[in-house]
Amino acid sequence: QVQLVESGGGSAQAGGSLRLSCAASGRTFSSYAMGWFRQASGKEREFVAAIRWSGGRTYYADSVKGRFTISKDNAKNTVYLQMNSLKPEDTAVYYCAAELAGTVVDDAGEYDYWGQGTQVTVSS
């Protein structure tokens, strides 16, 4: 079993920054991919970014590329999402997720564990 706990959400002005954290516990993560997804009100959940726990390869949605950075701290079993140059359209509930195996990282259906979500609100 894996437990994921997000933190760091909140409010920011357009152009500002926030950093989300996802603390993982319960199992070792050497073979996992960790992802961030978001869901805006009335919309479907969408992929934001992912990182391979082993090797650290990163993946980004086009909408956040160049503005968001995903990273990890192996010692703390924690994944971060640094969000810069925020836009009002980034407003959503952000979810951390863990994928046990596989090669697809941008499909929410491939992930096995999810956090409870954290709200990010960006005002213009």
Side-chain angles (χ1 to χ4, degrees):
Q1 193 73 326
V2 173
Q3 294 80 41
L4 303 173
V5 179
E6 301 104 332
S7 60
S11 299
Q13 297 276 349
S17 299
L18 287 171
R19 189 176 82 154
L20 306 183
S21 299
C22 174
S25 62
R27 293 185 61 167
T28 58
F29 296 91
S30 61
S31 61
Y32 285 23
M34 300 292 293
W36 286 97
F37 290 77
R38 66 186 181 187
Q39 188 166 17
S41 180
K43 296 187 177 181
E44 293 187 354
R45 192 168 298 190
E46 65 174 1
F47 170 74
V48 176
I51 188 167
R52 292 283 180 198
W53 203 265
S54 177
R57 182 176 179 179
T58 58
Y59 309 81
Y60 295 95
D62 288 342
S63 59
V64 306
K65 202 170 293 183
R67 299 189 298 121
F68 291 9
T69 303
I70 189 170
S71 61
K72 61 182 176 69
D73 184 328
N74 289 26
K76 296 181 178 180
N77 276 352
T78 299
V79 175
Y80 304 97
L81 185 68
Q82 178 66 43
M83 305 184 295
N84 298 329
S85 301
L86 284 163
K87 303 176 180 180
E89 51 263 44
D90 294 320
T91 295
V93 177
Y94 283 70
Y95 297 91
C96 173
E99 180 182 27
L100 297 179
T103 58
V104 177
V105 299
D106 60 354
D107 182 349
E110 295 293 320
Y111 284 77
D112 303 280
Y113 299 98
W114 291 84
Q116 80 285 357
T118 185
Q119 177 71 47
V120 170
T121 302
V122 183
S123 57
S124 57

For [X] against [Y], the heavy-atom pair lying closest together:
{"X": "R52", "Y": "A33", "value": "NH1-CB, 3.6 Å"}
{"X": "D90", "Y": "R67", "value": "OD2-NH1, 2.8 Å"}
{"X": "T78", "Y": "S21", "value": "CG2-CB, 4.3 Å"}
{"X": "G117", "Y": "E6", "value": "N-OE1, 2.9 Å"}
{"X": "C96", "Y": "M34", "value": "SG-CE, 3.8 Å"}
{"X": "S17", "Y": "Q82", "value": "CB-NE2, 3.9 Å"}

First locate atom [atom1] of [X], then atom [atom2] of [Y], and finally report the distance between them rounded to the nearest 0.5 Å.
{"X": "Q13", "Y": "S124", "atom1": "CD", "atom2": "OG", "answer": "8.0 Å"}
{"X": "W36", "Y": "T118", "atom1": "CH2", "atom2": "OG1", "answer": "7.5 Å"}
{"X": "D107", "Y": "E99", "atom1": "CG", "atom2": "CD", "answer": "8.5 Å"}
{"X": "R19", "Y": "M83", "atom1": "CZ", "atom2": "CE", "answer": "11.0 Å"}

Flag yes if W53 and V104 sit in one hydrophobic cluster, no otherwise; membership is Ile, Leu, Val, Met, Phe, Trp, Tyr, and two members link when side-chain heavy atoms are under 4.5 Å apart. no
According to a hydrophobic-cluster definition based on side-chain heavy atoms being under 4.5 Å apart (Ile, Leu, Val, Met, Phe, Trp, Tyr only), do L100 and I51 belong together? yes
Considering residues, nucleotides and ligands other than Q116, do more than 12 of their heavy atoms fall under 6.0 Å from its CD? yes
Is the NZ atom of K76 crowded by more than 12 outside heavy atoms at less than 6.0 Å? no
Co-members of the apolar cluster containing F47 [side chain, <4.5 Å]: F37, Y59, V93, Y95, V105, Y111, W114
Stepwise side chain to side chain contact (heavy atoms under 4.5 Å, CB included) check, V64 with R38: CA-CA 12 Å; V64 306; R38 66 186 181 187; 4.0 Å; yes
Go through F68 and L86 one step at a time and tell me if the side chain to side chain contact (heavy atoms under 4.5 Å, CB included) criterion holds. CA-CA 9 Å; F68 291 9; L86 284 163; 4.0 Å; yes
Would you indicate whether the side-chain heavy atoms of T91 and Q119 approach each other to under 4.5 Å? yes
Candidate pair T69 and Y80, rule side chain to side chain contact (heavy atoms under 4.5 Å, CB included), full reasoning: CA-CA 8 Å; T69 303; Y80 304 97; over 6 Å; no
